[in-house]
Amino acid sequence: MTDPSVVFYGFTPVPRDPDVLFDGHPTASGDHPKQDNYRVADFPLPDSEVVRKVKAFVQIYAFLGVALVKSHFPSWSYDLETYYLACLLHDIGTAERFLATTKLSFEFKGAIVARDLILQVGGVEDQADSVCDAIVRHQDIFVKGGNITMIGQILQLATILDGQTYFIPRSSRQPAPLIRGAVGPSISRKLSNTNWLSNRGAILRHSRSLSGKEE
């Protein structure tokens with residue numbers, strides 16, 4: 001019997017390589033992929049006690065992953081709270097208090113911090129492990145072969161979607177946007193005062209310089 005926590009906490013394995021994931025996909029391949037007209041309001045945020053405590057620690061949420069799955073992988077089953085926690089915490093390793101005090105890359109340090117935090121505020125170990133695994137692997141962009149957890153793939157896709165071009169996966173053979181309609185502008189309005197794209201780029205460059213990985 002399959003352990004229900006495997007499905008619930010997003011450990012279900014799915015192809016790691018986006019080119020494999022989308023190859024021949026009924027709604028996401030070709031010149032005219034399905035583009036549902038979602039808005040940010042269509043994705044109410046989880047509001048459990050664990051989430052509220054984590055939100056008090058750091059604020060960020062990737063609406064893109066939820067919209068992508070809802071459009072193209074509607075049969076995927078995972079716990080939205082666990083994914084939301086992964087979104088909240090996936091870049092926590094870029095915080096100066098962690099980034100400047102470790103020789104680890106930010107995703108590895110952040111995964112450790114996130115796992116410890118979720119356990120400290122009352123999350124179960126499977127949930128903490130799922131978030132930890134997703135954060136560790138969310139920078140393995142376009143690694144070929146093998147599988148990744150469902151939560152990890154959703155988080156990874158959300159981080160590589162290009163908000164400037166209405167969410168075309170970078171370096172993908174996909175010729176047209178996978179998400180369009182109102183969701184792009186609604187996310188932009190939601191984050192209009194945060195400079196999220198420029199801040200993210202600056203932080204990643206700072207992380208590479210501290211870890212000696214600057215190109």
Side-chain angles (χ1 to χ4, degrees), residues 3 5-23 25 28 54 57-58 60-69 72-73 76-95 98-99 102-119 123-163 167 169-172 174 178 196 200-201 203-208 210-215:
D3 182 349
S5 64
V6 170
V7 174
F8 187 78
Y9 290 112
F11 284 106
T12 304
V14 296
R16 184 203 318 247
D17 182 356
D19 285 336
V20 174
L21 185 70
F22 291 115
D23 185 38
H25 192 282
V54 171
F57 190 69
V58 63
I60 188 173
Y61 179 64
F63 294 98
L64 303 179
V66 179
L68 186 72
V69 171
H72 301 297
F73 302 97
W76 282 14
S77 178
Y78 63 97
D79 175 44
L80 184 59
E81 178 183 297
T82 301
Y83 173 62
Y84 183 31
L85 290 170
C87 292
L88 283 167
L89 294 169
H90 76 280
D91 279 341
I92 189 61
T94 63
F98 305 125
L99 193 60
T102 182
K103 293 181 175 62
L104 293 172
S105 296
F106 80 90
E107 65 269 30
F108 293 99
K109 179 64 175 182
I112 294 169
V113 172
R115 185 181 188 278
D116 288 346
L117 176 65
I118 291 171
L119 292 174
V124 300
E125 189 166 10
D126 277 343
Q127 184 176 62
D129 286 348
S130 179
V131 171
C132 179
D133 186 85
I135 293 174
V136 164
R137 301 174 72 182
H138 87 278
Q139 287 294 305
D140 292 345
I141 308 300
F142 300 114
V143 174
K144 303 298 183 183
N147 289 329
I148 188 172
T149 69
M150 190 175 289
I151 292 285
Q153 179 63 280
I154 301 168
L155 180 64
Q156 186 179 92
L157 288 172
T159 63
I160 63 176
L161 291 169
D162 184 356
F167 322 129
R170 301 185 189 122
S171 303
S172 173
Q174 178 64 34
L178 297 177
W196 65 290
R200 181 175 182 270
I203 288 171
L204 290 175
R205 289 191 295 273
H206 183 44
S207 169
R208 294 190 189 102
L210 290 176
S211 64
K213 295 182 178 179
E214 190 167 30
E215 297 178 357

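Throughout, numbering of the chain's residues begins at 1 and tracks the sequence.
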Within a strict 4.5 Å, meaning less than it, do heavy atoms of the Ile112 and Asp116 side chains meet?
yes

Phe73: what forms a ring pair (Phe, Tyr, Trp, His ring centres under 6.0 Å) with it, not counting sequence neighbours?
Phe22, His25, Trp76

Across all chains, not counting sequence neighbours, the side chain to side chain donor-acceptor pair (under 3.5 Å) partners of Thr82 are Asp79, Gln127

Calculate, to the nearest 0.5 Å, the distance between atoms CD1 and CG belonging to Ile118 and Leu85 respectively.
5.0 Å

Tell me the closest heavy-atom pair linking Ile135 and Gly110, and the distance in Å.
CG2-C, 4.1 Å

Thr149 side chain to Gly152 main-chain N or O, any donor-acceptor pair under 3.5 Å?
yes

With sequence neighbours excluded, what pairs up with Asp129 under the side chain to side chain donor-acceptor pair (under 3.5 Å) test?
Arg115

How close do Leu21 and Pro15 get, counting heavy atoms only, and between which atoms?
CD1-CD, 3.9 Å

Which pair of heavy atoms, one from Ala111 and one from Val136, lies closest together, and at what distance?
CB-CG2, 3.3 Å

Interatomic distance, Ile151 atom CD1 to Cys132 atom SG [nearest 0.5 angstrom]:
13.5 Å

Spacing of Phe8 atom CZ and Glu81 atom CD [to the nearest 0.5 Å]:
7.0 Å

Non-hydrogen side-chain atoms of Thr12 and Ser77 separated by less than 4.5 Å
no

State which residues pass side-chain contact (heavy atoms from CB on, under 4.5 Å) with Ile148; sequence neighbours excluded, sorted by chain then number.
Val14, Arg16, Arg137, Gln153, Gln156

Within the distance-only criterion (no hydrogens, no angle test), does the side chain of Thr102 pair as donor or acceptor with the backbone N or O of Lys109 below 3.5 angstrom?
no

Which atom names give the shortest non-hydrogen contact between Ile92 and Phe98, and what distance separates them?
O-CD1, 3.3 Å

Smallest heavy-atom separation, Leu155 atom then Ala134 atom, equals CD2-O, 3.8 Å

